[in-house]
Amino acid sequence: MAVSQEAQVHPSAVIEDGAEIAAGCIVGPFCVVGSNVVLRAGVELKSHVVVTGNTEIGEDTVVFSFSVIGEIPQDLKFKGEASALVIGKRNRIREHVTMNTGTEGGGGMTKIGDDGLFMAGCHIAHDAIIGDRVIVVNCSAVAGHCVIEDDVIIGGLSGIHQWVRIGRGAIIGAVSMVTNDVIPYGLVQGPRGQLDGLNLVGLKRRGVARSDITALRAAFQMMAQGEGAFQERAKRMGEEFDSEYVDEIVKFITGDTDRSFLTPG
């Protein structure tokens, strides 16, 4: 056990031999920290937090009460193989959140980026890859093997099906079930998620140039009403529009995936 003398560990906490707890960490009452856990500088565990498995939590991340971080996957194919969970810096992981380690079939690692907000009761499953500045709202679930790129917002009570990719800057409305890939900057809503437009509010908040927003709107219309198959329309978009944001959507659509895409209605 390597617990820094500059860490604050409540007397009721259970710290297993082998755990590494860096300077500035705070481990609150009745927390359990497993033998293969690494808490980087400034991590705070509120009361009654369980961190187990081969789990690393990055600097200045705060985990709130009754979260269970690093438990084994909810996957019947998991046979106890070595796997890991790596969480980045400055995340806020609220009450009752669960995050699982990876599986051999999915690469062996679940990975969370920096500056995320994971609200009460949400779940991040095995082998998911979550980008930076992602917000997962209360009681939503991200299934195994999903890829959630930077700046995505997933609304409350939503479910993301396994193997789905959600592109950068997309927004998923509340109470949506997403079963296919979502283009970057897409707006998805409805009980069986429909691609209803673009996340224009998010684009404007990030200061995206008006010319790029105009190009994205025109490209979206081409996806919705153009001739040919969806991927053919996407390739023509890349030829017609001079915008890095449109190019990002084209690369996303033409990239490798195990899913089809949500397409404009």
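Basis for what follows: all heavy atoms, side chains included, without hydrogens, waters or symmetry-related copies.
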Donor-acceptor side-chain pairing of D127 and T110 below 3.5 angstrom: no
Salt bridge (charged side-chain N to carboxylate O under 4.0 Å, His left out) between R168 and E248, worked out: CA-CA 9 Å; R168 183 163 75 106; E248 186 175 349; 2.9 Å; yes
Test item: L117 and M119 side chains (from C-beta on) under 4.5 Å apart, heavy atoms: yes
Donor-acceptor pair between S83 and T103 side chains, under 3.5 angstrom: no
Test side-chain contact (heavy atoms from CB on, under 4.5 Å) applied to H10 and C31, S47, P29, the passing residue: P29
Single hit among V250, L262, I253 for side-chain contact (heavy atoms from CB on, under 4.5 Å) with I183: I253
Smallest separation among heavy atoms of A128 and A143, with atom names: CB-O, 4.2 Å
Side-chain (T55) to main-chain (V38) donor-acceptor, under 3.5 angstrom: no
More than 12 heavy atoms of other groups within 6.0 Å of D196 CG: yes
Rounded distance (nearest 0.5 Å) linking atom CD1 of I154 with atom CD1 of I172: 6.5 Å
S35 side chain reached by D17 side chain, heavy atoms, under 4.5 Å: no
Same apolar cluster: M177 and I166, side chain cutoff 4.5 Å: no
R165 vs D181, salt bridge (charged side-chain N to carboxylate O under 4.0 Å, His left out): CA-CA, chis, key distance, verdict: CA-CA 5 Å; R165 299 180 303 150; D181 289 356; 3.0 Å; yes
Donor on one side chain, acceptor on other, N100 and E71, under 3.5 Å: no
Residue from C146, S176, S140 passing side-chain contact (heavy atoms from CB on, under 4.5 Å) with I160: C146
Path from F220 to V188 over hydrophobic side-chain contacts below 4.5 Å: yes
Side-chain donor or acceptor of E81 paired with backbone N/O of E104 under 3.5 Å: yes
Check: E239 side chain, R236 main-chain N or O, donor-acceptor pair, under 3.5 Å: no
Side chain to side chain contact (heavy atoms under 4.5 Å, CB included) assessment of E240 paired with M222: CA-CA 10 Å; E240 184 162 334; M222 180 179 286; 3.0 Å; yes
Within one Ile-Leu-Val-Met-Phe-Trp-Tyr cluster: F64 and F118, side-chain cutoff 4.5 Å: no
Smallest separation among heavy atoms of R259 and Q162, with atom names: NH2-O, 3.1 Å
Plane angle bin for F261 and F230 - parallel if under 30°, tilted between 30 and 60°, otherwise perpendicular: tilted
Atom of T179, atom of H161 and distance for their closest heavy-atom approach: CA-CB, 3.8 Å
Side chain N91, main chain G116, donor-acceptor under 3.5 Å: yes
Verdict with supporting geometry, N180 and V164, side chain to side chain contact (heavy atoms under 4.5 Å, CB included): CA-CA 6 Å; N180 291 310; V164 161; 5.6 Å; no
E16 side chain vs G34 backbone, donor-acceptor pair below 3.5 Å: no
CZ/R206: more than 12 non-hydrogen atoms of other groups inside 6.0 Å: yes
Check: A84 main-chain N/O paired with T101 side-chain donor or acceptor under 3.5 Å: no
Residue pair V86 / M109, side-chain heavy-atom distance below 4.5 Å: yes
Least distance between heavy atoms, V208 atom then I213 atom: O-CD1, 3.8 Å
Main-chain N/O of G113 paired with D132 side-chain donor or acceptor, under 3.5 Å: no
hydrophobic_cluster_shared for V147 and V178, side chain cutoff 4.5 Å: no
Working for salt bridge (charged side-chain N to carboxylate O under 4.0 Å, His left out), residues R40 and E56: CA-CA 8 Å; R40 300 297 183 190; E56 177 181 328; 3.3 Å; yes
Nearest atoms (heavy-atom pairs only) where A22 meets S4: C-CB, 3.6 Å
CD1 on I93 to CE on M99, rounded to 0.5 Å: 4.0 Å
Ion pair R133/D115, N-O distance below 4.0 Å: no
Any donor-acceptor N/O pair, S12 side chain to F30 backbone, under 3.5 Å: yes
I171 with I249, same ILVMFWY side-chain cluster at under 4.5 Å: no
Pair T98, H123: side-chain N/O donor-acceptor within cut-off below 3.5 Å: yes
Exceeds 12 heavy-atom contacts within 6.0 angstrom, atom CD of E6: no
Pairwise side-chain contact, L203 with L216, heavy-atom cut-off 4.5 Å (strictly under): yes
Candidate pair V51 and L45, rule side chain to side chain contact (heavy atoms under 4.5 Å, CB included), full reasoning: CA-CA 9 Å; V51 186; L45 308 182; 4.0 Å; yes
Where A19 and V33 come nearest, the two heavy atoms and their spacing: CB-CG1, 4.0 Å
Gap separating the CG atom of L85 from the OG1 atom of T52, nearest 0.5 angstrom: 10.5 Å
Expected output: side-chain R233 to main-chain G228 donor-acceptor under 3.5 Å: yes
Validation row: V27, L39 side chains within 4.5 angstrom (heavy atoms): yes
Main-chain N/O of A141 paired to S158 side chain as donor or acceptor, under 3.5 Å: no
Other residues, nucleotides, ligands: >12 heavy atoms within 6.0 Å of Q231 CD: yes
